[in-house]
Number of protein chains: 2
Amino acid sequence: MSRTDKEIDEATDAKPSRASAARLSLYLRCLENWRRAGQATVSSGNIAETLGLSDAQVRKDIGYLGSPGQPGVGYKVPELIRAIREGLGINREWRTVLVGVGNLARALLRYQGFREQGFEIVGLFDADPQKLGLRVDGLTVQPMSALPAVVAGADAELALMTVPAEAAQDVADALVASGVRGILNFAPAVLRLPSKVRLVNVDLAIQLEQLAFQVQLGNIP
Amino acid sequence: MSRTDKEIDEATDAKPSRASAARLSLYLRCLENWRRAGQATVSSGNIAETLGLSDAQVRKDIGYLGSPGQPGVGYKVPELIRAIREGLGINREWRTVLVGVGNLARALLRYQGFREQGFEIVGLFDADPQKLGLRVDGLTVQPMSALPAVVAGADAELALMTVPAEAAQDVADALVASGVRGILNFAPAVLRLPSKVRLVNVDLAIQLEQLAFQVQLGNIP
DNA sequence: GGATGTGAACGACTTCACAGCG
DNA sequence: CGCTGTGAAGTCGTTCACATCC
């Protein structure tokens, strides 16, 4: 009987949905700005206004976190930041490897936003022998053969793939074999992965196509 | 009264929704591969299997295009490609400017996928005087002051923004003032634009956060 | 048989509306 | 009074199922 109660409890505390999680990341950006500015509390209306959403939606999203929130006042900024980071699973360090050291990789490595959010890059890899030994941003480019040992040794769970489309599937297979659990793929290729491994694609051509589509839609109404 | 009929007609031919448009871009990638391979027809099942979707969804998406499709056979590859490109509004050239010539910009310029899809970059701009005159991929970096003339002269409608977050809003304002209609923004900043101008954000930290979230979700069930 | 095209059922997400609280 | 939290209603998108056609 106590069992039944427990199950009802667990069913009640819903996790953030995909759609909601994407917005929570955005809330986090705003909140970090406001914290830097020294603001103590925010209301759902503040966030909604900034991002062009409805206040009800913001409250619903935050509601999934089981977070605090004072009626008549709003949310305490640092507390809400902590709650979102916990809800998204980024309240810890995620070790990450990067495969394919081209311009895009250099741009990613330079961008400090990753580290600030707890993503640490623990290895650079490239199939091109000419690039081996190259030092980029404090890390040395290693051959693909070193991948399994580094992933295992550093307990890396995520990977950034910035390789040409032709190489993408092979690299992905190698990453999976090394034990990586999630891949952020920038190659314009359709990858097949075991269902245990999560994949997020960032295809720049597709983003441009979506933009063109939206602009074209805007023309008509 | 004929007015009413017309309205019903227009309400009937639905345009692809946002969600559907994102998938159509993916279909396009597969189809182009298959065309290169010389395949004449595809079925909704083929596409669905490749991308891990349901065949019904693929048919619904294609249905928005008012495209052909032969029962018992499938869709003719070249015809479907044309229909998708038309539906997405990319069956023409989109002239595009790029602001912020860093590593990310170089990666984008090198990536031939844009040009193949009809996106032509007609101008490079940077606020850094040291970069002025630099030639990258056949284009010369120009000062921000030249932006309005170039946008107007080339009739550019889209812009790629690869600038630091601090500069993002100012650059966006300048782009809007120049007459650009859509911005693909890579800066991790929340931009405010007039509603006439479309915005697509690609925030790499957010993508990584979403990946971490999905990996974390996968751990539990 | 093998696919398409599509209403209808279903499910997920969003907005509404308001009770409750500081 | 202002703002949160949340059922209820509504909207949007996906899946099902089947009539239809080659």
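Letters A, B, ... mirror the listed sequences (proteins, then strands); counts begin at 1. Worth knowing before you read on, the calculation uses all heavy atoms, side chains too, and leaves out hydrogens, waters and symmetry mates.
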Contacts under 3.5 angstrom, residues 189-197 of chain A side chains, donor-acceptor by atom type, not counting sequence neighbours:
{"from": "A:R192", "atom 1": "NH2", "to": "B:E49", "atom 2": "O", "distance (Å)": "2.3"}

Side chain to side chain donor-acceptor pair (under 3.5 Å) against [X], all qualifying residues, sequence neighbours excluded:
X	value
B:R198	none
A:R18	none
A:D173	A:Q169

Contacts of [X] that satisfy side chain to side chain contact (heavy atoms under 4.5 Å, CB included) - sequence neighbours left out:
X	value
B:S20	B:P16, B:S17, B:R23, B:L24, B:D61, B:Y64
B:A56	B:S54, B:R59
A:S25	A:L88, B:I206, B:E209, B:Q210
A:E157	A:R92, A:W94, A:R181

Distance-only donor-acceptor hits, side chain of residues 101-111 of chain A, under 3.5 Å, sequence neighbours excluded:
none

Within residues 27-35 of chain A, those residues having any heavy atom closer than 4.0 Å to DNA chain C are none

Could you check whether [X] gets within reach of a base, just the sugar-phosphate, or nothing at all, counting any heavy atom under 4.0 Å?
X	result
A:G74	sugar-phosphate
B:P68	sugar-phosphate
B:G69	sugar-phosphate

Taking atom CD of A:E93 as the centre, does the number of heavy atoms from other residues, nucleotides or ligands within less than 6.0 Å exceed 12?
yes

Its contact letters, B for base, S for sugar-phosphate only and - for none at protein heavy atoms under 4.0 Å, make nucleotides 14-22 of chain C read SB-B--BBS

Nt span of DNA chain D in reach of chain A heavy atoms at under 4.0 Å, 5' end first, is D:dG2 to D:dA8

